[in-house]
Amino acid sequence: MLRRYESFEALVEAPPTAREEAEVFRLAREAMAEVTEMLRREVVVRTPVGASGNLKGSIFTEIKGEGRGAIRGVVASRADYADHVEFGRRPGGAMPPWREGSPLYRWVVRNLESRSGEFESVAFLVARAIARRGTRGRRMFARSFEENQRRIEGRIRELLDEIVRRVGG
């Protein structure tokens with residue numbers, strides 16, 4: 001156990017030692033790792049499979065911040081099309097890539113039928129419909145955060161209690 005603080009004034013008068021600061025940072029980083037991993041799992045469950053499942057596999061967590069600075073947890077995707085799935089796409093604008101080898105083409109081959117086996121023309125029609133009508137966003141990141149806010153806040157309260165037990169006495 002580290003130093004005990006009997007009051008807030010005592011804490012202000014005697015700032016935390018380097019050891020206490022390191023312990024608080026370690027506890028906060030550990031809590032952030034738990035929260036971001038929980039959110040990553042929730043996002044993966046809400047993420048559509050798509051043509052390859054690559055989007056689900058591209059979701060990762062990262063914790064940023066060192067020392068006395070703020071710690072920030074990130075749940076994100078490395079897939080360049082993740083923002084289109086999250087937020088959707090407004091009608092109008094250019095057609096998404098649809099030729100053989102594109103994610104849209106692979107999705108068409110996997111999910112749609114072609115009487116003639118000519119998937120490229122079907123992919124073209126789907127791309128044109130997307131350009132004209134847009135797509136609805138799945139909001140898998142936003143919904144995961146919104147629906148788990150109470151759990152996150154609970155973990156923060158646990159963290160504060162642990163800091164008080166370990167550092168504040």
Side-chain angles (χ1 to χ4, degrees), residues 22 24-160 162-163:
V24 168
F25 183 76
R26 186 189 68 72
L27 291 170
R29 197 168 175 83
E30 185 179 288
M32 183 62 73
E34 290 172 22
V35 167
T36 56
E37 181 54 29
M38 179 266 302
L39 285 174
R40 186 196 67 77
R41 286 190 308 268
E42 293 286 331
V43 170
V44 167
V45 166
R46 290 173 167 80
T47 300
V49 173
S52 63
N54 289 343
L55 184 56
K56 282 182 181 256
S58 74
I59 298 168
F60 68 97
T61 64
E62 185 177 357
I63 300 172
K64 298 180 177 184
E66 298 293 328
R68 297 183 102 173
I71 296 175
R72 189 170 56 133
V74 175
V75 179
S77 170
R78 289 185 174 86
D80 58 351
Y81 57 93
D83 58 335
H84 294 295
V85 177
E86 174 74 4
F87 300 111
R89 181 180 162 140
R90 282 189 267 156
M95 291 184 357
W98 52 272
R99 296 204 183 274
E100 189 171 350
S102 71
L104 178 62
Y105 183 89
R106 288 193 305 272
W107 181 87
V108 166
V109 169
R110 182 175 175 186
N111 294 291
L112 302 179
E113 293 180 24
S114 172
R115 289 185 195 139
S116 64
E118 186 57 35
F119 290 104
E120 196 165 287
S121 59
V122 175
F124 169 81
L125 295 172
V126 171
R128 186 174 69 184
I130 289 171
R132 288 181 178 171
R133 298 183 201 150
T135 59
R136 183 178 54 87
R138 298 301 292 263
R139 309 290 291 170
M140 61 270 190
F141 288 92
R143 285 190 179 125
S144 295
F145 180 76
E146 290 164 3
E147 292 176 16
N148 286 285
Q149 240 174 330
R150 288 191 124 158
R151 288 175 68 187
I152 295 167
E153 290 167 0
R155 183 59 182 103
I156 291 169
R157 280 191 297 279
E158 289 172 10
L159 169 64
L160 294 175
E162 182 72 12
I163 289 170

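With a 6.0 Å radius and a threshold of 12 heavy atoms from other residues, nucleotides or ligands, R72 has its CZ atom at or below the threshold.
Salt bridge present: E42 and R151 bring a charged side-chain N and a carboxylate O closer than 4.0 Å. Using a 4.0 Å cut-off between a side-chain N of Lys or Arg and a carboxylate O of Asp or Glu, E86 and R138 do not qualify as a salt bridge.
Judged as a side chain to side chain donor-acceptor pair (under 3.5 Å), and not counting sequence neighbours, the contacts of S58 are S77. F119 is linked by a ring-ring contact (aromatic ring centres under 6.0 Å, His included) to nothing, counting only residues two or more places apart in sequence or in another chain. Shown here are the salt bridge (charged side-chain N to carboxylate O under 4.0 Å, His left out) partners of R40, two or more places apart in sequence or in another chain: E37.
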- W107/L112 under side-chain contact (heavy atoms from CB on, under 4.5 Å): CA gap, chis, key distance, verdict: CA-CA 8 Å; W107 181 87; L112 302 179; 3.7 Å; yes

- Message: Using salt bridge (charged side-chain N to carboxylate O under 4.0 Å, His left out), reason through R150 and E153 one step at a time and then give a plain yes or no.
- Response: CA-CA 5 Å; R150 288 191 124 158; E153 290 167 0; 5.7 Å; no

- Kindly indicate, with the supporting measurements, whether the criterion side-chain contact (heavy atoms from CB on, under 4.5 Å) is fulfilled by I152 and M38. CA-CA 9 Å; I152 295 167; M38 179 266 302; 4.0 Å; yes

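One distance of note links CG of L39 with CD of Q149; it measures 10.0 Å at 0.5 Å rounding. Rounding to the nearest 0.5 Å gives a distance of 8.0 Å between CZ of R128 and CE of M95. Considering CD of E158 and CG of L27, their distance stands at 12.0 Å, rounded to 0.5 Å. The distance from atom CZ of R46 to atom CZ of R143, rounded to the nearest 0.5 Å, is 8.5 Å. Note that CG of L160 and CZ of R155 are 10.0 Å apart. Values are rounded to the nearest 0.5 Å. Here the straight-line distance linking atom OH of Y105 with atom CD of E120 works out to 6.5 Å at 0.5 Å rounding.
A distance below 6.0 Å separates the ring centres of W98 and F124.
Tested against M32, the residues I71, L159, V74 include a single side chain to side chain contact (heavy atoms under 4.5 Å, CB included) partner, I71.
The shortest heavy-atom contact between V108 and A123 is CG2-CA, 3.8 Å. Considering all non-hydrogen atoms of both residues, I130 and P96 come closest at CG2-CG, 4.0 Å. What you find for V44 and K56 is that their closest heavy atoms are O-NZ, 2.8 Å. Pairing each heavy atom of P91 with each of R132, the nearest pair is CB-O, 3.1 Å. What you find for Y81 and L55 is that their closest heavy atoms are OH-N, 3.4 Å. The two atoms that bring M140 and P48 nearest to each other are SD-CD, 4.5 Å, heavy atoms only.
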